[in-house]
Amino acid sequence: MDAEELLQRYAAGERDFPGVRLRGVFLDNAKLMEINLSGADLSGADLGRAKLNRANLSCVKLCGAALCEVNFTGANLSRADLRGVNLKGSGIINADLTEAILDGAIIGGEESVIEGANFNRASLRGANFIMVALIQSSFRGAIFDGATFDSDSGFNDSDLTGASFQVSNFRLPEYIPPGGGRIILPDGRTLGG
C-alpha cells in the first residue's frame, strides 16, 4: 500500500489498517484522525525519513507501530495510543502529544530530536529514553512512572510541573550551571535560568 491508496481508502470511510507496511511514506498535512495503524511499519526508508509533518493524527491507534526515523514536525498526536512504539531516530518538533499514551515506547537514539513538543498529561509509563535531549518541551502532569533514562538523556528548558517520576531511574537535577537552560520541576521550583 502507498500513501495515495491509504488516503483514498480513509476518505471512503475505512479506518482499520493494522499491520500495514508504509515504509518511507510521505503524509505531510494528512488528516487521519481516529485511524487504526496498530502494528504498522511507517519507518523511514533507505533514502530518508518518513514524513508526517503537520499531520492530524489525533486519537489514532499506533500500538506497537514501527515509527523509526519519522518526522512529526507540527503533527497533532493528541490522545493518540502509541503504546510500545519504536520512535528511534524520529523528529518530534513542535508536535502536540497532549494526553497521548506512550507506555513502553522507545524514544530517542541517534539523530533523534524532541523540541518544542507538548506532552502535557501524557502517559510515558515504562518508556525507554535513549540518547535524547528533551528541549523546550512541556510535560505538565505527565506520568513517567517506571520509565528509564540512559545517561545521555535529559531535559533542557522544559516544564515538568506536576509530572510523576515514581519507580524511575531518572534523578531530577538539583542544580543547573549557568547557560545550561532551565527546568521547572514537578513541585514548581525552577532550576537554572
Side-chain angles (χ1 to χ4, degrees), residues 1-10 15-120 122-124 126-139 142 147 149-150 152-153 158:
M1 179 181 299
D2 61 15
E4 185 176 337
E5 181 182 351
L6 175 72
L7 292 170
Q8 287 174 351
R9 288 170 65 178
Y10 181 88
R15 296 294 181 266
D16 288 317
F17 301 91
V20 70
R21 184 176 161 90
L22 291 164
R23 288 184 63 83
V25 70
F26 289 87
L27 288 167
D28 287 354
N29 301 305
K31 292 177 175 49
L32 297 169
M33 296 78 67
E34 299 181 7
I35 193 169
N36 179 5
L37 292 166
S38 296
D41 185 354
L42 293 132
S43 297
D46 295 335
L47 299 175
R49 292 183 179 202
K51 301 205 186 298
L52 289 161
N53 298 314
R54 298 168 306 285
N56 187 341
L57 302 167
S58 62
C59 301
V60 299
K61 292 180 182 170
L62 282 160
C63 303
L67 301 171
C68 300
E69 299 178 1
V70 176
N71 282 337
F72 290 102
T73 300
N76 179 357
L77 289 154
S78 59
R79 296 179 308 283
D81 188 343
L82 298 155
R83 286 176 289 162
V85 298
N86 187 340
L87 288 161
K88 280 187 180 176
S90 291
I92 302 172
I93 301 170
N94 299 323
D96 183 2
L97 288 105
T98 302
E99 297 180 5
I101 302 169
L102 292 113
D103 298 349
I106 298 170
I107 302 168
E110 290 185 43
E111 300 183 28
S112 179
V113 178
I114 298 180
E115 185 173 348
N118 179 349
F119 287 87
N120 291 342
S123 178
L124 296 138
N128 188 3
F129 292 86
I130 304 167
M131 295 173 25
V132 63
L134 305 158
I135 303 168
Q136 297 173 346
S137 295
S138 181
F139 297 89
F149 294 80
D150 71 2
D152 294 323
S153 296
S158 293

Nearest heavy atoms of [X] and [Y], plus distance in Å:
X	Y	result
Tyr10	Phe17	N-CZ, 4.2 Å
Asp150	Met131	OD2-N, 2.9 Å
Phe119	Ala142	O-CB, 3.8 Å
Phe72	Ala95	O-CB, 3.5 Å
Ala147	Leu124	CB-O, 3.7 Å
Ala3	Val25	CB-CG2, 3.5 Å

**Asked** Does a salt bridge link Arg23 with Asp41, judged by any charged N lying under 4.0 Å from a carboxylate O?
**Response**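 Salt bridge: yes.
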Taking [X] for its side chain and [Y] for its backbone only, find out whether a donor-acceptor pair lies under 3.5 Å.
X	Y	result
Asp103	Arg83	no
Ser137	Ile135	yes
Asn76	Ser58	no
Ser112	Lys88	no

Return the [atom1] to [atom2] distance between [X] and [Y], rounded to the nearest 0.5 Å.
X	Y	atom1	atom2	answer
Asp96	Leu77	CG	CG	8.0 Å
Arg79	Met33	CZ	CE	11.0 Å
Asp16	Ser38	CG	OG	8.5 Å
Leu6	Ile35	CG	CD1	4.5 Å
Arg9	Glu4	CZ	CD	13.0 Å
Ile107	Ser90	CD1	OG	10.0 Å

**Message:** Run the side-chain contact (heavy atoms from CB on, under 4.5 Å) test on Ile114 and Leu87 for me, step by step, so that the C-alpha distance in whole Å, both residues' side-chain angles and the decisive distance to 0.1 Å come before the verdict.
**Reply:** CA-CA 11 Å; Ile114 298 180; Leu87 288 161; over 6 Å; no
**Request:** Using side-chain hydrogen bond (donor to acceptor under 3.5 Å, both in side chains) as the criterion, point out the one residue from Asn118, Thr98, Asn120 that pairs with Ser138.
**Result:**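 Only one of Asn118, Thr98, Asn120 forms a side-chain hydrogen bond (donor to acceptor under 3.5 Å, both in side chains) with Ser138, namely Asn120.
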**Asked** Out of Val70, Leu27, Asn94, Thr73, which residue meets the side-chain contact (heavy atoms from CB on, under 4.5 Å) rule with Asn53?
**Response**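 Only one option passes, and that is Thr73.
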**Item:** Qualifying residue for side-chain contact (heavy atoms from CB on, under 4.5 Å) with Ile92, from Val113, Leu97, Val132, Leu134
**Value:**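 Option passing the side-chain contact (heavy atoms from CB on, under 4.5 Å) with Ile92: Leu97.
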**Request:** Kindly indicate whether the side chain of Ile106, heavy atoms from C-beta on, has any atom under 4.5 Å from the side chain of Ile130.
**Result:**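 With C-beta onward as the side chain, the pair touches.
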